[in-house]
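Read the structure below first, then the notes.
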Amino acid sequence: MGNSRDVISSLTRRETALPYQQTRCLMPRLSTKLLRQARQVDPFLVLLLRPCRELTSARNELRWLTEFVSQRPPSPAGKSKPTELRKRLRKLCEERGRGKPLQYILGTEHFGELELICEPGVLIPRRETAASVTHLVSLLARGAQTHRHPEPLRVLDLCTGSGCIPLLFHHLHRQISPPRPCPNILGIDISGRACDLAFKNLRRTHGHAESRPDIDFAIADVLARGFLPWEAPRVSDVLKTRKKLTWDIVIANPPYISPSSLFVNVERSVRVFEPKLALVPPMPITQMRPLRTRKPDPLFFDFSVKLAPRQRTSPKHDFYEVEDTFYHRIIGTAMEVHAAVMLMEVSSLGQALRVVDMLWRRRRWNRVEVWRDEPDQLPDEGEAELETVNGRTVPIRGRGNGRSVVCWTNEAGPWLGQTDVAA
Amino acid sequence: MADEYPPLSTDLIKIMEQRLSAIEHRSNYLQDLINQPTATATEYSTANKELRRLESSLDLIKQLRAKQKEIDGLSSLLNDCQEDKDMHDMAAGELMEAVEEEKRLQHLLLKSLLPKDDADDRDCILEVRAGTGGEEASLFAMDIFKMYEKHSQKKGWKFDIVDIMESDLKGYKEASGAISGSGVYGKLKYESGIHRVQRVPVTEKSGRVHTSAVSVAILPQADQVDVQLRNEDLRIDTYRSGGSGGQHANTTNSAVRITHIPTGMTVSIQDERSQHMNKAKALKVLCAKLYEMERSRLHTSRSKLRSEQIGSGDRSERIRTYNFPQGRVTDHRVGITHHSIDDVMQGESLDIFIDALLLRQEMDAIASFGSM
Ligand SMILES: C[S@@+](CC[C@H](N)C(=O)[O-])C[C@H]1O[C@@H](n2cnc3c(N)ncnc32)[C@H](O)[C@@H]1O
């Protein structure tokens, strides 16, 4: 038990070995030859090379930006002059060159088969998230061949951001054959901007449909304990007022970046332009005080974190980290609403295994798995398909970085097309 | 109407008549066989199958025979009533229509007798690749790609760019498009091969004429069912930024590379912002390639029986030359030269070559069935 931390750190190291398509490391040097070549084709490419780091991507971005500019004349008068277009294009390329995410400039991002609106202040949906949601629904589709899952399926998405997960889940679920009743989905976020955007996206993807899908969004604080009057409402209170206390599936892509890795492992463009609220869990105030003098202070104790990280008093939790803050509370909420399936995104295999450990301590989940970035692909050479945490093995599926933790109860096994019942 | 069905040559009609009576005999024989109480179950079913295959031709033959009888009747009526003007005019009018109808049936029959390429009705994938000649070849590859794009627009076909790999000077190293419309593959299939260009490249300062080449491939479109594609046979690689992914990174590179493991064939697409769309496009191209591979395998085993006259179907065959200084385009297979190269590059006059090639193919096929 004592060496589980070592197991995990060795894994984290291994994970950084890139299995395939290593076309660039985080910041390859831009050669002068490349810059010259780019300038010869189009001077704007030089601007775009800074965020893109290679010519093919820069060319693609220039094309998308050009299409964007020519499709949207600034004045309602109609077509604008070529020099005018070029001027606007230059402005966008300069913005992009300073690192502003392309999705904030163009205003959209593709998420699976959907195209969603993006606004500064709300996290841009990532393809890894789309991949795990897609895989989950494909398992449900497989299960639907032989078994019935609850109908309508109730899905709770915590930390919903742009609403991408509810919308993609609904979209994919509709394609299951034979058709199933539309799921009932609720997305929760602490940020009002996120909820507004999620509603916008709901209207965008289902604006013309004759029947509005059963998707809703609400503001609530996943971490709140409800003691303090100025906090956003607790999730449980929101569910109570809506009279929706039970849910079948809980999904969450919470902030999972530790304050220390923000400056090491996170791309500059993400760090500078995307909301911290969406990336980094709040620092427990206890952490900021000297270890020895730490004692519960009714005014300063941070209620958002149950355990004091790195405080080795409780052997139970001896290797959890600050960035794990959300998972305790998400798992707790899932138990409260009697969820039978859970899908949580994580930052790495190391964090995945810590979350696996948390789940095993709860004794509710009969099956726990870790999925990599592309859960539907075969693992690459050197990618483990099993890991051991505290003497128990957990299956690792797919290819790439450890990306999510999935668990379910015996009841839900058949929904996901799993016929053998795990002990 | 008269233009639509030019009369067939008497030789051709003679050959065709022989084939028609052979078909009639064969079907009578098969009918008898089926009606025999002694026929075994297998005899019965094979005979039935063959009859079904002949059915559409037989139907046309019956109509043709009926028309021919009508024509005989009308001709003798015409002879008999020289004095009665009203009657005469009526019969003459009827006769003209009947003869026209006979021609139409003969054409249909001829078509039904020609060996058919099942893929003719399919949509197609166009692939253009710069060959020898460096940057100039890439620029010409772009011109050729755009020529087909314009030609498709003129024809009312749908042309979707699948992927473009640009060269250093904004030419195309490689480009592919999906063309859909009725009978597109049948129309364009003879465009496959090496297209050669002779001109002074924009990159050339001394004004010397260069020769370079691009290769064009036209593949019939197919779907996953056509090629019995299984998910297990595919390896799908996507771009990974090499960091920790997820919230740590935000890439716009949506490149997808699909590898068909059994054949080792790969297709990469990076044109779209959506990874999902890139994957769909890559699958489309992969299916077309696998389908073509299977077809050419069948074809080589079949072509031992039947000789193919136009081209070898070989992608390395040089089929056409675009000579800019002389303003001409020459197709080496049919020996046609067209003297307005601009029209061709604008997608206008391609039909001159395409029609000649299709006609040539029909004639070759007819010649070969005369000897069957
Ligand atoms: C990593 S983003 C995920 C967004 C979206 N689900 C996605 O996959 O793109 C995390 C989201 O959690 C929200 N969030 C942060 N703290 C929260 C809290 N205490 N309670 C609820 N949501 C919170 C942020 O506003 C942000 O939208």
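FYI, side chains are in, hydrogens and waters are out, and symmetry mates aren't considered; it's all heavy atoms of this structure. Residue numbers begin at 1 in each chain, while the letters A, B, ... track the order of the sequences.
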- prompt: What part of A:Val270 is in contact with chain B, defined as an atom under 4.5 angstrom from a non-hydrogen atom: side chain, backbone, both or neither?
  reply: side chain
- request: Answer yes if the side chains of A:Thr108 and B:Arg273 hold a donor-acceptor pair under 3.5 Å, and no otherwise.
  value: yes
message: Heavy-atom cut-off 4.5 Å, strictly under: side chain, backbone, both or neither for A:Asp376 against chain B?
response: neither
query: If you tally heavy-atom pairs under 4.5 Å against chain A, which of B:Ala280, B:Ser274, B:Ser254 wins?
result: B:Ser274
message: Can you list the residues of residues 220-228 of chain B that sit under 4.5 Å from chain A, counting heavy atoms only?
response: none
message: Between A:Asn60 (side chain only) and B:Gln270 (backbone N and O only), is there a donor and an acceptor less than 3.5 Å apart?
response: yes
task: Can you measure from CG (B:Asp237) to CD (A:Glu374) and round to the nearest 0.5 angstrom?
output: 7.5 Å
- prompt: Taking everything shown except B:Lys189 itself, do over 12 heavy atoms lie less than 6.0 Å from its NZ?
  reply: yes
- prompt: Hey, what do you get for CD1 (B:Ile261) to CG (A:Leu378), rounding to the nearest 0.5 Å?
  reply: 7.0 Å
- request: Check each atom of A:Arg63 against the heavy atoms of chain B and say whether the ones under 4.5 Å are side chain, backbone, both or neither.
  value: side chain
task: Evaluate whether atom NZ of B:Lys284 has more than 12 neighbouring non-hydrogen atoms of other residues, nucleotides or ligands under 6.0 angstrom away.
output: no
message: Please classify the contact of A:Ile124 with chain B as side chain, backbone, both or neither, using a heavy-atom distance under 4.5 Å.
response: side chain
- prompt: So what's closer than 4.5 Å to chain B heavy atoms on A:Leu106: side chain, backbone, both or neither?
  reply: side chain
message: Tell me the closest heavy-atom pair linking B:His248 and A:Ser347, and the distance in Å.
response: CE1-CB, 3.6 Å
query: If you count the non-hydrogen atoms of other residues, nucleotides and ligands that lie under 6.0 Å from NZ in B:Lys158, is the total more than 12?
result: no
- prompt: Non-hydrogen atoms of chain B under 4.5 Å away: do they reach the side chain of A:Tyr256, the backbone, both or neither?
  reply: both
query: In terms of heavy-atom proximity below 4.5 Å to chain A, should B:Gln247 be classed as side chain, backbone, both, or neither?
result: both
query: In terms of heavy-atom proximity below 4.5 Å to chain A, should B:Met165 be classed as side chain, backbone, both, or neither?
result: neither
query: Which heavy atom of A:Glu267 sits nearest a heavy atom of B:Asn250, and at what distance?
result: OE1-N, 3.4 Å
statement: Sequence neighbours excluded, the answer for salt bridge (Lys or Arg N to Asp or Glu O under 4.0 Å) partners of B:Lys281 is B:Asp271, B:Glu272
message: Tell me which of these, A:Leu262, A:Val346, A:Asn253, A:Asp42, has more heavy-atom pairs under 4.5 Å with chain B than the rest.
response: A:Asn253
- prompt: Looking at A:Asn265 and B:Ser244, what are the two nearest heavy atoms and their distance?
  reply: CB-OG, 4.0 Å
task: Write down the atom of B:Asn253, the atom of A:Ser57, and the distance for their closest heavy-atom approach.
output: ND2-OG, 3.3 Å
- request: Check whether A:Glu113 gets within reach of chain B through its side chain, its backbone, both or neither, counting any heavy atom under 4.5 Å.
  value: both
field: B:Asn278 side chain reached by A:His110 side chain, heavy atoms, under 4.5 Å
entry: no
- prompt: Between A:Glu109 and chain B, which part of the residue has a heavy atom less than 4.5 Å away: side chain, backbone, both or neither?
  reply: both
Exam field: side chain A:Gln377 to backbone B:Ile236, donor-acceptor pair closer than 3.5 Å: yes
field: Greater than 12 external heavy atoms within 6.0 Å of A:Arg39's CZ
entry: no
message: On a heavy-atom basis, which atom in B:Lys170 and which in A:Arg59 lie closest, and how many Å separate them?
response: N-NH2, 4.1 Å
- prompt: If you measure only the distance, is there a donor-acceptor pair under 3.5 Å linking the side chains of A:Arg127 and B:Thr251?
  reply: no
task: Go through the atoms of A:Pro125 and report whether side chain, backbone, both or neither lie under 4.5 Å from a heavy atom of chain B.
output: neither
- request: Give a yes or no on whether B:Lys150 atom NZ has more than 12 heavy-atom contacts from other residues, nucleotides or ligands under 6.0 Å away.
  value: yes
query: If you tally heavy-atom pairs under 4.5 Å against chain B, which of A:Glu345, A:Gln40, A:Glu61, A:Gln103 wins?
result: A:Gln103
field: Interchain contact, A:Ala278 with chain B, by part (heavy-atom threshold 4.5 Å)
entry: backbone
